[in-house]
Number of protein chains: 2
Amino acid sequence: MDAELVRSLSPRRPAGKREQTKVQNRHLILEAARRVFAELGYGATTVRDIIRATPLASGTFYNYFKSKEEVFQAIQDESALRIRPRLHEERAKAATIEEFISGTFLTFFEFVAEDQANFRALRRSTDALHVRMDTPEIIAGFEELRQDIVAATEKGLFPPVDADFLMAAMVGVAFEVAERMLRRSDRGPAEAAAFATALFMGGINALPAGRMGGANGGGA
Amino acid sequence: MDAELVRSLSPRRPAGKREQTKVQNRHLILEAARRVFAELGYGATTVRDIIRATPLASGTFYNYFKSKEEVFQAIQDESALRIRPRLHEERAKAATIEEFISGTFLTFFEFVAEDQANFRALRRSTDALHVRMDTPEIIAGFEELRQDIVAATEKGLFPPVDADFLMAAMVGVAFEVAERMLRRSDRGPAEAAAFATALFMGGINALPAGRMGGANGGGA
DNA sequence: CAGGACCGTGACACAACGTCAACTTTTGCG
DNA sequence: CGCAAAAGTTGACGTTGTGTCACGGTCCTG
């Protein structure tokens with residue numbers, strides 16, 4: 001009786017054992033999946049590979065996820081869930097277009113740099129192939145950006161742009177430049193954000209002067 | 001003897017029967033794959049599904065491709081092979097930055113609109129997931145863009161920009177805006193290209209005024 | 001402490017994978 | 001033209017992955 005009372009009143013659950021293992025199992029699976037995806041690549045990984053990297057039985061896996069796609073989604077969503085509020089907040093407090101833009105890009109690129117392990121490993125697949133997957137949570141993040149643009153426009157911050165296309169452009173630049181940034185040692189989040197911000201603020205002619213080539217001298 | 005002589009001299013092969021069916025089988029597989037990918041989505045498709053959509057035996061499939069990934073690659077590469085020269089030519093004859101930029105985007109968006117069947121179906125997977133895959137031929141296209149930017153810079157056309165990041169930014173905008181364009185009925189290649197060009201020429205403030213929201217009033 | 005709810009377990013039936021020995025068709029050559 | 005070697009196709013097969021479910025153990029509730 002006391003136990004129940006305490007549990008219901010306490011803000012942080014002492015957690016029944018049942019619930020505890022549920023959280024733990026989910027975590028075990030996601031951790032294992034991260035390792036396996038990183039090692040084999042997303043495409044080559046099978047549900048069985050993930051299960052084997054876990055102390056659990058195959059049936060248990062299916063109590064938590066329907067497929068490897070769902071596991072992948074969950075991993076991506078975890079990242080998206082961590083960064084989405086930061087991005088939104090950054091834009092909410094922006095007083096100028098430039099703050100809106102640079103805040104968004106800098107936050108994103110810094111996150112990517114920290115989160116490199118997830119971001120990069122999960123995008124590397126077999127061979128030279130590169131797979132990108134937009135999960136519901138990520139799509140929600142895009143939609144939030146669009147709405148933030150609309151809101152900024154209504155506040156008179158932005159000119160009356162096509163919010164849908166502008167959102168798409170920002171998303172495209174963010175992901176593609178982030179990827180390049182990770183492959184280069186001579187450019188970090190600050191430089192990437194400066195580049196993207198200058199592009200959106202004034203176009204090509206406003207871009208900071210940079211080395212003309214890329215970092216990769218070799219390659220095909 | 002005559003046969004051999006004719007074959008070796010003639011520029012267009014009368015084609016041995018062997019070689020003929022080889023081309024045909026490859027085509028059969030790719031056509032079947034296009035249909036199956038479009039119907040089931042890339043992720044859900046199995047090699048067996050593709051084979052079943054073909055009059056061939058399973059062993060034959062493996063004479064042509066190692067996996068569904070390779071089939072997918074071949075399909076993508078076919079598209080890339082069609083558009084790459086057009087893009088390069090467009091940029092080669094550009095006398096100003098604006099021609100370079102708008103030529104690239106307009107050509108790309110027009111291609112996407114024509115090629116919609118391939119472009120869209122192949123990117124739709126199960127549920128709301130969206131998969132993008134960069135094949136060697138596509139990567140080569142990116143590299144070509146980078147080199148064209150370097151060349152344009154050396155001709156004094158471009159300011160001394162970071163060609164690597166600029167290439168990434170253009171690629172990101174191209175793909176992401178293309179995707180949006182396809183989902184909207186109120187914007188075609190011309191509008192999409194105008195948008196992207198204005199963005200790169202002068203940043204947000206130079207963008208054409210557009211409806212602020214997107215086309216999709218509903219959604220999540 | 002008992003009974004029930006909950007959930008982990010691994011064996012199972014089924015489907016997909018990639019291979020290979022046997023077979024068929026084409027080609028090169030006398 | 002005919003024949004032997006080369007090339008290519010076929011589908012059955014062993015193997016591996018898939019998703020389910022009846023069983024059994026553990027935790028919760030009263």
Side-chain angles (χ1 to χ4, degrees), chain A residues 1-10 13-33 36-37 39-74 126-127, chain B residues 1-10 13-30 32-33 36-37 39-73 126-127:
Chain A
M1 297 193 191
D2 259 19
E4 192 192 335
L5 196 80
V6 167
R7 179 141 39 102
S8 65
L9 289 178
S10 163
R13 306 277 193 90
K17 187 133 194 202
R18 210 92 241 177
E19 212 165 336
Q20 223 170 323
T21 51
K22 224 155 64 173
V23 172
Q24 195 192 6
N25 282 350
R26 190 187 153 89
H27 195 72
L28 276 165
I29 293 172
L30 289 178
E31 271 314 305
V36 177
F37 282 143
E39 180 162 355
L40 306 181
Y42 175 76
T45 300
T46 70
V47 171
R48 244 52 180 196
D49 290 326
I50 300 173
I51 293 171
R52 267 181 235 113
T54 250
L56 307 171
S58 64
T60 305
F61 174 92
Y62 289 100
N63 280 346
Y64 292 85
F65 300 98
K66 277 211 316 280
S67 61
K68 76 167 169 172
E69 277 78 16
E70 258 196 31
V71 178
F72 191 75
Q73 247 190 55
T126 339
D127 290 75
Chain B
M1 294 192 191
D2 260 19
E4 192 192 336
L5 196 80
V6 166
R7 179 139 39 104
S8 65
L9 289 179
S10 163
R13 307 277 194 89
K17 188 133 195 204
R18 208 93 242 177
E19 213 164 337
Q20 221 171 324
T21 52
K22 224 154 64 171
V23 171
Q24 194 192 7
N25 282 350
R26 190 186 152 88
H27 195 72
L28 275 166
I29 293 172
L30 289 178
V36 177
F37 282 142
E39 180 163 355
L40 305 180
Y42 175 75
T45 300
T46 70
V47 171
R48 243 54 183 196
D49 289 327
I50 299 173
I51 294 170
R52 265 182 238 113
T54 250
L56 307 171
S58 64
T60 306
F61 174 91
Y62 290 99
N63 280 346
Y64 293 85
F65 300 97
K66 277 211 316 283
S67 60
K68 77 168 168 170
E69 278 77 15
E70 260 196 30
V71 177
F72 191 76
Q73 249 190 55
T126 341
D127 290 73

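In what follows, chains are A, B, ... by sequence order, proteins preceding strands, each numbered from 1. From a predicted model like this one, the values you see are computed outputs, not experimental measurements.
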Next item on the list: Indicate for each nucleotide in nucleotides 1-11 of chain C, in 5' to 3' sequence, whether protein heavy atoms under 4.0 Å reach the base (B), only the sugar-phosphate (S), or nothing (-).
Entry: -----BSBBBB
What is the distance, to the nearest angstrom, from the [atom1] atom on [X] to the [atom2] atom on [N]?
{"X": "B/Y62", "N": "D/dA7", "atom1": "OH", "atom2": "C1'", "result": "21 Å"}
{"X": "A/I51", "N": "D/dT16", "atom1": "CD1", "atom2": "P", "result": "16 Å"}
{"X": "A/K17", "N": "D/dT26", "atom1": "NZ", "atom2": "P", "result": "10 Å"}
{"X": "A/I50", "N": "D/dG19", "atom1": "CD1", "atom2": "P", "result": "11 Å"}
{"X": "A/E19", "N": "D/dT29", "atom1": "CD", "atom2": "C1'", "result": "15 Å"}
{"X": "B/K66", "N": "C/dA16", "atom1": "NZ", "atom2": "C1'", "result": "18 Å"}

Check: Is there a donor in the side chain of A/D49 and an acceptor in the side chain of A/T46, or the other way round, less than 3.5 Å apart?
Finding: yes
Checklist line | Of the listed nucleotides D/dG17, C/dG18, C/dT27, the one nearest the side chain of B/V47 | finding: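 Between D/dG17, C/dG18, C/dT27, the one nearest the side chain of B/V47 would be C/dG18.
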Check: Of the nucleotides D/dG17, C/dA16, C/dG18, which has the atom closest to the A/D49 side chain?
Finding: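 Taking heavy atoms from C-beta onward, the closest nucleotide is D/dG17.
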Next item on the list: Using modelled atom types only, decide if a donor and an acceptor are shared between the side chain of A/E70 and the backbone of A/K66 within a distance under 3.5 Å.
Entry: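 Between the backbone of A/K66 and the side chain of A/E70 there is a qualifying donor-acceptor contact (under 3.5 Å).
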Next item on the list: Would you confirm whether B/T45, through its side chain, and B/G41, through its main-chain N or O, come within 3.5 Å as a donor-acceptor pair?
Entry: yes
Once rounded to the nearest 0.5 Å, what's the spacing between atom [atom1] of [X] and atom [atom2] of [Y]?
{"X": "A/K17", "Y": "A/Q24", "atom1": "NZ", "atom2": "CD", "result": "9.5 Å"}
{"X": "B/Q73", "Y": "B/S67", "atom1": "CD", "atom2": "OG", "result": "8.0 Å"}
{"X": "A/Y64", "Y": "A/N25", "atom1": "OH", "atom2": "CG", "result": "3.5 Å"}
{"X": "A/T60", "Y": "A/I51", "atom1": "OG1", "atom2": "CD1", "result": "8.5 Å"}
{"X": "B/I50", "Y": "B/L28", "atom1": "CD1", "atom2": "CG", "result": "13.0 Å"}
{"X": "B/R52", "Y": "B/F61", "atom1": "CZ", "atom2": "CZ", "result": "12.5 Å"}

Note to self: Please give the stem ranges for DNA chain C, sorted by first residue number, where a stem is three or more consecutive Watson-Crick or G-U pairs and both donor-acceptor distances are under 3.5 Å.
What the structure shows: C:1-30 with D:1-30
